[in-house]
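Take a look at the structure set out below.
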Amino acid sequence: MAPVTTSARTGTGTQGTRLLLIDGHSMAYRAFYALPDTLATSSGQVTNAVYGFASMLTNLLRDEQPTHVAVAFDAGRVTFRTERYAEYKATRDATPEVFRGQVPLIREVLEALRVPALQREGIEADDILATLARQGAEAGMEVLVCSGDRDALQLVTDRVTVLYPKKGVSELSRMTPAAVEEKYKVAPERYPDLAALVGETSDNLPGVPGVGPGVAAKWITQFGDLDSLLERQDELTGKRGEALREHAAQVRLNRELNALLTDVELPLGIDDLAVAGFDREAVHRVSDALQFGALRDRLLAVDPAGHEADAAPGDAVRVTLHDGDLASWLAAHAGRRVGLDVSGVARPGLGDAWQVALATGSDAGEASAVVVDLADLDGAQEESLRSWLADAAAPKAVHGAKSAWHMLASRDLDLHGVTFDTELAAYLCYPDQRGYDLADLVLRHLGRDLAAADDAAQGALDLELDAAAPGSEAAARAVAVVDLAEALDPGLDDRGARSLLDDVEMPLSAVLARMEATGIATDTDFLGGLEASFAQAVATSAAEAYDVIGREVNLGSPKQLQEVLFDQLAMPRTKKIKTGYTTDAASLQDLFTRTEHPFLAHLLAHRDAAKLRTTVEGLLKAVHPDGRIRTTFQQTIAATGRLSSTDPNLQNIPIRTEAGRRIRQAFRVGEGYDVLLTADYSQIEMRIMAHLSGDEGLIEAFRSGEDLHRYVGSRVFDVDPAAVTSEMRAKVKAMSYGLAYGLSAYGLSQQLTIPTGEAQALMDDYFTRFGGVRDYLTGVVEEARATGYTATILGRRRYLPDLTSDNRQRRQMAERMALNAPIQGSAADIIKLAMLGVQHAIDAQELRSRLLLQVHDELVVEVAPGERDAVEALLRDQMGAAVRLDVPLDVSVGSGTTWHDAGH
DNA sequence: AATGCCACGTA
DNA sequence: CGTACGTGGCATTC
């Protein structure tokens with residue numbers, strides 16, 4: 001095995017106190033010019049200065065381990081220097097706006113890190129640093145001054161080191177007395193003498209012409225210091241001596257100006273600069289807003305109060321592969337949380353598993369793992385594995401326990417005792433992320449490259465194990481899962497997501513696994529018949545369409561359709577899209593009412609039939625040999641907390657049209673079961689809106705038992721409920737639902753095909769009657785803007801950094817998301833709780849009936865003989881009591897042999 | 001073969 | 001100029 005390597009920290013870890021002082025502007029400015037302005041958030045906010053600054057600060061905190069930290073900023077344009085010499089810094093270009101805009105962001109970062117930022121009107125940052133450096137040195141501290149201003153070099157002593165940026169902001173030179181002497185050939189305290197002679201272009205301080213650092217150093221060494229030199233300037237001969245005499249006044253002025261003040265009065269004393277733990281919540285908020293990815297984690301990793309993982313990021317981990325049997329490994333690590341990695345295929349009902357890796361987390365760079373092949377397991381080994389996997393008291397960390405469940409199920413292995421699912425945890429922390437690939441998360445949170453461990457040829461492995469050994473990758477993943485669990489732990493608490501993980505998502509994943517494995521019975525003959533019938537409709541409508549235009553085109557090609565509609569038939573143009581003009585159903589319908597062109601009718605019929613046909617085809621392909629269809633419920637996709645359904649999607653089976661609804665007749669109760677039962681929440685989102693807004697009118701609407709839209713309509717139109725026409729009801733219904741999506745008056749007018757003015761009036765009337773709703777909706781956006789996130793009734797957060805975007809479109813999009821996320825997300829929370837309650841009740845009553853599907857506000861259950869009443873009762877109970885709102889949760893239940901018939 | 005876009009199904 | 005998804009077909013790109 002390869003030898004153990006440890007990555008040493010560069011900090012020496014001395015006892016005593018170490019004060020880190022940073023010149024904020026100077027370092028930020030360095031970062032600004034060192035990093036490309038392509039570093040920006042998606043909304044266009046350039047972040048190169050703030051990113052570079054934060055990155056530098058992170059490195060300093062990590063490498064120097066200071067006990068005290070402060071950052072100083074310049075404040076005010078007028079300083080004693082400009083008053084003394086108007087031309088001071090006069091040649092500097094105006095600060096670029098792109099830089100200036102980032103300074104407040106840097107302050108926000110500092111605030112989140114609880115690093116004091118100091119400034120004083122009329123005083124430059126360097127003077128503040130000089131003052132603090134003096135105080136620190138006098139207090140016996142080791143002082144580090146980080147500044148890109150060479151004037152700071154005068155502060156260097158055996159106690160004070162200047163960290164001067166060498167390249168960008170990531171490489172800093174340690175300017176000790178010896179280093180200053182080496183570089184400038186004068187002692188640090190003489191450096192300002194030298195600078196006075198040489199001049200400083202950036203400060204607009206001219207030096208003595210013809211005198212560079214070399215000559216200046218020689219003079220200073222020769223005469224001792226600048227004062228002596230100027231006193232005895234007549235001793236100098238030649239051109240340079242003449243030049244000095246000519247510019248002596250300027251040199252004196254330079255020296256006066258480059259002397260740093262060491263007695264500035266400051267609001268904070270040294271003791272106030274002691275490092276404090278980060279405001280982790282704020283770190284997340286700022287990182288979200290600035291879209292810090294890896295930097296967020298690097299920041300959190302250096303939190304002085306942070307719960308650091310055993311292995312510091314990037315540390316090498318040595319994994320020992322146990323070659324003994326499973327039982328002895330398990331015995332050796334009893335009671336510890338074990339990482340589990342299963343290799344195989346995770347398809348519900350069609351899964352497979354061939355290898356299982358178990359591992360401890362890494363501890364001081366050491367981890368232990370055992371890998372077993374499921375194919376060649378002897379009886380005793382298999383029994384050890386089986387009982388450990390099924391042991392609810394044996395704590396396990398898994399990345400995606402539901403997938404592992406399906407793989408293990410293929411070998412009749414049951415999985416219990418998952419106490420941490422890193423995939424679900426990552427989802428709760430970053431719900432807007434695209435994916436939660438283990439290797440990506442490990443790279444981001446542990447700074448460890450799992451992909452590199454895959455490659456045996458790779459020289460520098462982060463994970464040191466015999467990469468050629470079978471199962472080494474699996475072992476590496478299993479170790480990483482445990483370490484990742486540790487790393488995600490604090491973030492989970494920071495976001496208040498602990499209970500969501502422990503009490504909702506993790507238990508739910510077990511429920512979902514069972515639902516997926518169960519599947520829903522389908523009538524393939526019926527589906528086959530539907531396919532033929534829809535195919536017939538497609539053929540007929542296509543033929544009729546071709547007949548009208550006199551040629552055959554691909555009706556499924558928007559491009560060819562545009563040609564036919566807008567060129568050949570010269571119809572009025574529709575709404576513009578990227579590739580021309582839309583041919584969507586609403587526009588075609590609109591064109592049809594205007595032109596009554598028969599082609600449009602045939603085209604629309606063709607669209608409908610073609611869509612239904614492909615839906616049926618997809619379902620047919622998804623039927624398993626036992627006649628059931630098994631979807632996968634994705635639990636980490638929807639940023640609001642909803643589930644989604646794939647392979648196939650059973651959450652978008654048609655219901656609105658009669659033809660579409662027929663597809664639901666293909667989903668039927670299975671052999672040995674009595675009936676399908678569907679239970680859905682009625683108007684759950686509106687009820688949540690009533691609850692969250694506390695609007696008395698809306699709450700009363702639900703308590704009255706009156707039809708919601710009729711009730712609301714009577715208030716909006718100021719008529720008796722009985723006098724609400726169906727047209728009025730439709731308008732109010734569209735508006736009520738639209739509100740939860742951030743619908744505009746224009747959007748409402750489009751949907752209802754009424755003038756914008758009328759739509760606006762409708763909304764105004766609505767808000768007059770239901771002012772609490774308006775206040776809630778504006779309040780929820782305001783709060784999200786302030787906190788950076790929205791929250792559901794269970795505290796599920798969605799971070800929306802774009803709420804503060806300068807880009808109007810992005811900002812408004814974020815605002816609509818902020819309106820909708822608490823409502824949609826709370827509904828998701830509620831049905832998730834209901835599912836847990838339903839499954840629990842089924843188990844507790846030892847019923848055979850089983851949950852099959854969830855469609856956002858609906859559950860489908862397959863009812864075993866004789867359990868119909870019990871199941872209906874428990875569905876009503878559990879769904880109705882999932883949470884306590886200020887309005888009742890209404891549940892309606894239907895039953896039938898097919899999903900179609902069970903619907904209502 | 002992979003990707004982007006359009007269109008459309010659900011809540 | 002209405003949120004959240006997944007899928008399939010077409011067209012374009014590699």
Side-chain angles (χ1 to χ4, degrees), chain A residues 431-432 538 553-562 574-575 577-588 603-604 606-619 621-622 631-657 659-661 663-664 680-686 689 734-752 756 759-760 777 790 798 800 808-809 812-828 831 853-859 899 903:
Chain A
D432 273 283
V538 168
V553 295
N554 184 345
L555 296 175
S557 162
K559 190 165 166 266
Q560 294 182 41
L561 282 180
Q562 286 179 41
T574 54
K575 199 173 58 177
I577 53 172
K578 280 181 190 165
T579 54
Y581 299 91
T582 183
T583 66
D584 66 17
S587 303
L588 294 182
L603 175 57
L604 282 163
H606 181 268
R607 277 264 177 85
D608 276 346
K611 174 80 181 171
L612 293 172
R613 184 192 57 188
T614 54
T615 300
V616 171
E617 280 170 353
L619 290 173
K621 281 186 215 147
T631 184
T632 296
F633 289 107
Q634 301 286 352
Q635 208 179 342
T636 61
I637 296 292
T640 52
R642 273 192 179 179
L643 300 177
S644 75
S645 161
T646 60
D647 300 317
N649 182 355
L650 295 185
Q651 290 181 324
N652 73 341
I653 302 304
I655 194 169
R656 294 186 204 284
T657 66
R661 248 191 320 269
I663 297 176
R664 293 191 171 218
D680 62 47
Y681 285 115
S682 57
Q683 296 142 342
I684 188 162
E685 296 199 347
M686 290 306 299
M689 192 138 91
M735 181 167 52
S736 290
Y737 279 104
L739 288 178
Y741 302 143
L743 186 68
S744 65
Y746 176 85
L748 184 63
S749 74
Q750 289 296 295
Q751 193 190 311
L752 297 173
T756 317
Q760 186 60 58
L777 292 174
T790 62
R798 180 171 188 188
L800 293 165
R808 216 176 72 120
Q809 195 175 324
Q812 290 181 337
M813 180 69 160
E815 285 170 358
R816 291 193 296 270
M817 290 175 177
L819 286 181
N820 180 249
I823 299 170
Q824 186 184 124
S826 294
I831 197 161
L853 301 177
Q854 186 252 45
V855 192
H856 309 307
D857 64 359
E858 170 189 8
L859 297 179
W899 193 7

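By convention in this document, chain letters (A, B, ...) are assigned in the order of the sequence lines, proteins followed by strands, and residues within each chain are numbered from 1. Values below: all heavy atoms of this structure, side chains included; hydrogens, waters and symmetry mates excluded. Please read all numbers here as calculations on a predicted model, not as lab measurements.
- Looking at heavy-atom distances under 4.0 Å, I637(A) makes contact with sugar-phosphate atoms alone, never a base.
- Among the nucleotides dT3(C), dT10(B), dC8(B), the one closest to any side-chain atom of P654(A) is dT10(B).
- For the C1' atom pair drawn from dG4(B) and dG2(C), the interatomic distance equals 23 Å after rounding to whole Å.
- Of all non-hydrogen atoms in S587(A) and T582(A), the two that sit nearest each other are OG-CG2, 3.3 Å.
- Under 3.5 Å, the side chain of R607(A) and the base of dA7(B) form no donor-acceptor pair of N or O atoms.
- Rounding to whole angstrom units, CG of residue L777(A) and P of dT3(C) are separated by 14 Å.
- Residue L819(A) is out of contact with every strand shown, counting any heavy-atom pair closer than 4.0 Å.
- In this entry the distance linking CD of E858(A) with C1' of dT10(B) reads 10 Å, nearest Å.
- For the pair R798(A) and dA4(C), the criterion of a side-chain N or O lying under 4.0 Å from OP1 or OP2 is met.
- Within the 4.0 angstrom heavy-atom criterion, no nucleotide atom of any strand lies near A610(A).
- In this structure, T582(A) reaches the dA7(B) phosphate: one of its side-chain N or O atoms is under 4.0 Å from OP1 or OP2.
- The side chain of Q634(A) approaches dG6(C) more closely than any other nucleotide in the set dG6(C), dG2(C), dC5(C).
- Among the heavy atoms of the strands lying under 4.0 Å from I655(A) are primed sugar atoms or P, OP1, OP2 only; no base atom is included.
- Counting any heavy atom pair closer than 4.0 Å across all strands shown, R642(A) reaches a base atom.
- Side-chain N/O atoms of N652(A) and base N/O atoms of dG9(B) include a donor-acceptor pair closer than 3.5 Å.
- No side-chain donor from either of T646(A) and T632(A) sits under 3.5 Å from a side-chain acceptor of the other.
- In this structure, D608(A) places its CG atom 8 Å from P of dC8(B), rounding to the nearest Å.
- One finds no salt bridge joining K611(A) and E617(A) here, because no Lys/Arg side-chain nitrogen approaches an Asp/Glu carboxylate oxygen to under 4.0 Å.
- Of all nucleotides listed (dG9(B), dA4(C), dT12(C)), dA4(C) comes nearest to the side chain of T640(A).
- Dashed line: the shortest gap from a side-chain N or O of S645(A) to OP1 or OP2 of dG6(C) is not under 4.0 Å.
- In this structure the side chain of L743(A) never reaches within 4.5 angstrom of the side chain of M735(A), judged on heavy atoms.
- At the heavy-atom level, I577(A) lies under 4.0 Å from the strands shown only through sugar-phosphate atoms.
- Contact annotation: Q560(A) side-chain N/O to dA11(C) OP1/OP2 distance is under 4.0 Å.
- For dG6(C), the base has no donor-acceptor partner in the side chain of Q651(A) [N/O atoms by modelled type, under 3.5 angstrom].
- Counting heavy atoms from C-beta outward, Y681(A) and E858(A) have side chains that stay 4.5 Å or more apart.
- With rounding to whole Å, N820(A) atom CG is found 15 Å from dA11(B) atom P.
- One finds a side-chain N or O of K578(A) lying less than 4.0 angstrom from the OP1 or OP2 phosphate oxygen of dC5(B).
- Counting heavy atoms from C-beta on, the side chains of M817(A) and T790(A) never come closer than 4.5 Å.
- In the model, S744(A) has no side-chain atom that pairs as donor or acceptor with a side-chain atom of R816(A) under 3.5 Å.
- Atom CG of L743(A) and atom P of dT3(C) are 10 Å apart (whole Å).
- At the heavy-atom level, R661(A) lies nowhere under 4.0 Å from the strands shown.
- For K611(A) against dC8(B), a side-chain N or O and a base N or O form a donor-acceptor pair under 3.5 Å.
- In this structure, D647(A) atom CG and dT7(C) atom P are separated by 5 Å, rounded to whole Å.
- The residue M813(A) sits close only to the backbone: its heavy atoms come under 4.0 Å of sugar-phosphate atoms, none of a base.
- Taking 4.0 angstrom as the limit, R656(A) places none of its side-chain polar atoms (N or O) nearer than this to OP1 or OP2 of dG9(B).
- Among the heavy atoms of the strands, none lies under 4.0 Å from T615(A).
- Side-chain N/O atoms of T646(A) include none lying less than 4.0 angstrom from OP1 or OP2 on dG6(C).
- Nucleic acid contact class of A740(A) (heavy atoms, under 4.0 Å, all strands): none.
- Among the atoms of the strands shown, none is found under 4.0 Å from any heavy atom of Q750(A).
- Across dT7(C), dG8(C), dT3(C), the shortest atom-to-atom separation from the side chain of T614(A) is found for dG8(C).
- For S744(A), the listed nucleotide lying nearest its side chain is dC1(C); candidates were dC1(C), dA7(B), dC5(C).
- Between L650(A) atom CG and dA11(B) atom P there is a gap of 13 Å when expressed in whole angstrom units.
- Going from atom CG of L859(A) over to atom P of dA11(B) covers 14 Å, rounded to whole Å.
- Taking only side-chain nitrogens and oxygens, T579(A) never comes nearer than 4.0 Å to OP1 or OP2 of dA11(C).
- Here the side chains of Q634(A) and L643(A) are not in contact, with every heavy-atom distance at 4.5 Å or above.
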